[in-house]
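Note that the structure is predicted; figures quoted are calculated from it, not measured. Reminder, nothing fancy here: chain letters follow the sequence lines and each chain counts from 1.
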There are 4 protein chains.
Amino acid sequence: MLPPQPARRRRKDARPTEIADAALALFSERGFAATRLEDVATRAGVSKGTLYLYFPTKEDLFRAVLRQGLLPNLEAMEHAVAADQAPAPVLLRQIAGRLLQVLDTNLTAIPKLVLAESGNFPAIARMYADEVVMRAMALLTSILNRGIERGELRRVDPQSAIPTFIAPFLMMALWKHSLGQHTQIAIDPKAVMETHMDILLRGLEPRS
Amino acid sequence: MLPPQPARRRRKDARPTEIADAALALFSERGFAATRLEDVATRAGVSKGTLYLYFPTKEDLFRAVLRQGLLPNLEAMEHAVAADQAPAPVLLRQIAGRLLQVLDTNLTAIPKLVLAESGNFPAIARMYADEVVMRAMALLTSILNRGIERGELRRVDPQSAIPTFIAPFLMMALWKHSLGQHTQIAIDPKAVMETHMDILLRGLEPRS
Amino acid sequence: MLPPQPARRRRKDARPTEIADAALALFSERGFAATRLEDVATRAGVSKGTLYLYFPTKEDLFRAVLRQGLLPNLEAMEHAVAADQAPAPVLLRQIAGRLLQVLDTNLTAIPKLVLAESGNFPAIARMYADEVVMRAMALLTSILNRGIERGELRRVDPQSAIPTFIAPFLMMALWKHSLGQHTQIAIDPKAVMETHMDILLRGLEPRS
Amino acid sequence: MLPPQPARRRRKDARPTEIADAALALFSERGFAATRLEDVATRAGVSKGTLYLYFPTKEDLFRAVLRQGLLPNLEAMEHAVAADQAPAPVLLRQIAGRLLQVLDTNLTAIPKLVLAESGNFPAIARMYADEVVMRAMALLTSILNRGIERGELRRVDPQSAIPTFIAPFLMMALWKHSLGQHTQIAIDPKAVMETHMDILLRGLEPRS
DNA sequence: CATGAATGAGGATTCATTCAT
DNA sequence: GATGAATGAATCCTCATTCAT
């Protein structure tokens, strides 16, 4: 038999996550400084005081928000890394597909937030750069290198090629949370992704 | 004899620009809400009260900052448009080269700022989307279309191909003002640009 | 058993009134613009921030102060109206007696305040003129007219006679909150009132 | 031949008066604290800096404004005093007539101003009470006493009777600069004065 | 645990005053 | 003398944080 799990308790456990979700939404929409904790509380359906039961300060909440948004990202990457043995072009397409899916989640709010607040939170900027960016770059570098070694890809400098691969995804994530909210210009992520991978992989094809 | 140009006057004319420059730097570094007007004043070398001689409110200063950062951008694009008749790959390389130069200026602070504050200033987001993004997209679309018609480029959907071209430049601009300040990870814009254009133009080459 | 009435709650309900009382005192003493909200807070025994829990802006506080000072005035007048059937001289003496009592309350601060700030708050001036002055004039006009019809008073133009009746009371109210605070000149409201009514009623006696 | 009187010079001499006039108008309209010196300067047709050529501080300007508005008042009263030998009722009518004329001038702004600012400027309140009010009361007291002694007036306490005489004039002066600006309620000063003197003098008639 | 009233430090804005021209 | 650009002290208002209930 399972141990009894009172609804109350489950609710309580979910609180921090609910609050962090609400905070992520508002921080990403308005920025950290311009977001009032009262609004976060309202959006999370709790009182202002309750926030302080879980997060000692606004800055702590901010860190929790990012930690919560970061870990899944990292894990997703670890999985991608596991899909080891396929040819580089296939791997890249797999990753692209996964990133396309991520575009539909609210994880996309994180990059905008880190970007906007890196000036005020150097520690977070450093952490994000070292934990997320560095790892992602290492992953992509190893994929590219392996592809080059195996002759699946043309010889290029991996460090320099990474932005070409990754930037359009970042741009779409940022767009979604900024100008995309305020303009008629429509971006079709799937079409963009496919054209992008098409151009990229042709551009990386070994000379025929 | 030259007409007498009192130092006071020369100073006065420059004030709004000096202030807006200081504001751009700080807004871009810390965000709009987190920037104290007193710091803007100090950085511009004036007193707090002087700001109000030129900008009625903090928000007006914000708008002026963006207007000042936008107009040069727009004009730069018009010039690019003028360079009409060259083959598409050449044109794209020209634009890439120009964007690489822009990366060295403080104009790169604008995108981060617009991005971060679009939620709080929808009018500015709209303006930026319509005036800057739309025009830039139209320009690139026409270049791609011409190139396709002339057989200089492979047939692709221009709308979907634009992010592949532009995103790495945007990413480098954002990087410079965010994580780039806080990490050892070095990005060499010139190398990235060259690899990027290399991949992109190969990826757009007509079938041989 | 009485329902528990937490001290906190009782306190809270009284707050707006306490604050408005403090504000009335200071506004009347120094004027609206010259009164610092911090002083109002101190006098009301609360902190600066607490003011804003109850009154969104300084101007709102001002309006609340006047509303609070106006309603009792109006009601007092309604009561006076009710004392209908006595002869006009008796009625006038009754009203005079009541006004004499009002002179001992802090309601007398209102006229000075309305007077001083009518230029900055036209809406309040209009409201006061229409709600308070107009009603008071209508009341006195009807008393005078009835007295004249009944032969209790000599025939005079009521509109023109009202200032003779009311002005000394107004003057004493203003005096109390202005010069009266700063001079040795003593005014004995009771004696003034009696002499005043004596002169007035003789002056209004029908020809003998 | 007259000494040459350059227009420039005459203008210069008038400056302080022009400025004080402008200040009186604005102080009386908005109160001392709520009046900006820049507005005074604009209304007087000079620059902000010029004010300081004539009045070292805002408070000095305030004092000058009142001094300028006070002296004529005092002198007017001296003249009234001089008209010594007429019977009291005649004298009172003369004074009433003169006050009626004063109602058409901008001197009427003074009482409102003194009233409103007595809390912030005790010295001025004292001065006004002692110089203006005291003297006016002494004058009226002597007139009433003389009238009583001569049997022209009924025996009353002069101190207590003065408000009955003077208050309606004060009230009309205040009205003109406050509610009178914001309501349809019309007050006809001449009719009020005549009815007032009519009631008053009948009320003071010796027993017939 | 949860609430929301209360607090006060911080920052935008105003305006009396100064002073170089 | 006259000007108006510049200054910074003063004050309104906001909001992160505390704490009695």
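A heavy-atom distance below 4.5 Å is found between the side chains of C/Leu61 and C/Leu37.
Pairing for E/dG10 goes to F/dC13, judged as Watson-Crick or G-U wobble with the two contacts each under 3.5 Å. Across all strands shown, the partner of F/dA20 is E/dT3, judged by Watson-Crick or G-U wobble contacts whose two distances both fall under 3.5 Å.
One atom, OH of D/Tyr52, and another, P of F/dA5, lie 16 Å apart when rounded to the nearest Å. The CG-P distance, from C/Leu53 to F/dC13, rounds to 14 Å in whole Å. For the pair C/Tyr54 OH and F/dC13 P, the computed distance is 18 Å after rounding to whole Å. Computed from coordinates, the B/Lys58 NZ to E/dT13 P distance equals 8 Å when rounded to whole Å. Rounded to an integer number of Å, the gap from CD of A/Glu38 to P of E/dA6 is 14 Å. When rounded to the nearest whole Å, the span between CD of A/Glu18 and P of E/dA2 equals 11 Å. Rounding to whole angstrom units, CD1 of residue A/Ile19 and P of E/dC1 are separated by 12 Å. Regarding C/Arg30, its CZ atom lies at a distance of 10 Å from the P atom of F/dT11, rounded to whole Å.
At distances below 3.5 Å, at least one donor-acceptor pair connects side-chain atoms of B/Glu117 with backbone N or O atoms of B/Phe32. No donor-acceptor pair under 3.5 Å is formed between the side chain of C/Lys112 and the backbone N or O of C/Ser178.
A residue-by-residue look at D/Ala33 and B/Glu59 shows that B/Glu59 has its nearest nucleotide of DNA chain E further toward the 5' end. Heavy-atom distances to DNA chain F give each of B/Thr50 and C/Thr57 a nearest nucleotide, and the one nearer the 5′ end belongs to B/Thr50. Sequence order on DNA chain F of the closest nucleotides to D/Leu51 and C/Lys48 puts D/Leu51 first from the 5' end.
Taking 4.0 angstrom as the limit, A/Arg15 places none of its side-chain polar atoms (N or O) nearer than this to OP1 or OP2 of E/dC1.
Contact annotation for B/Leu37: backbone-only contact, meaning every heavy-atom pair under 4.0 Å involves sugar-phosphate atoms and none involves a base.
Applying the ring-ring contact (aromatic ring centres under 6.0 Å, His included) test between C/Phe121 and each of C/Phe27, C/Tyr128, C/Phe62 identifies C/Phe62 as the sole match.
With respect to C/Arg43 and C/Asp21, no salt bridge is recorded, no charged nitrogen being found less than 4.0 Å from a carboxylate O.
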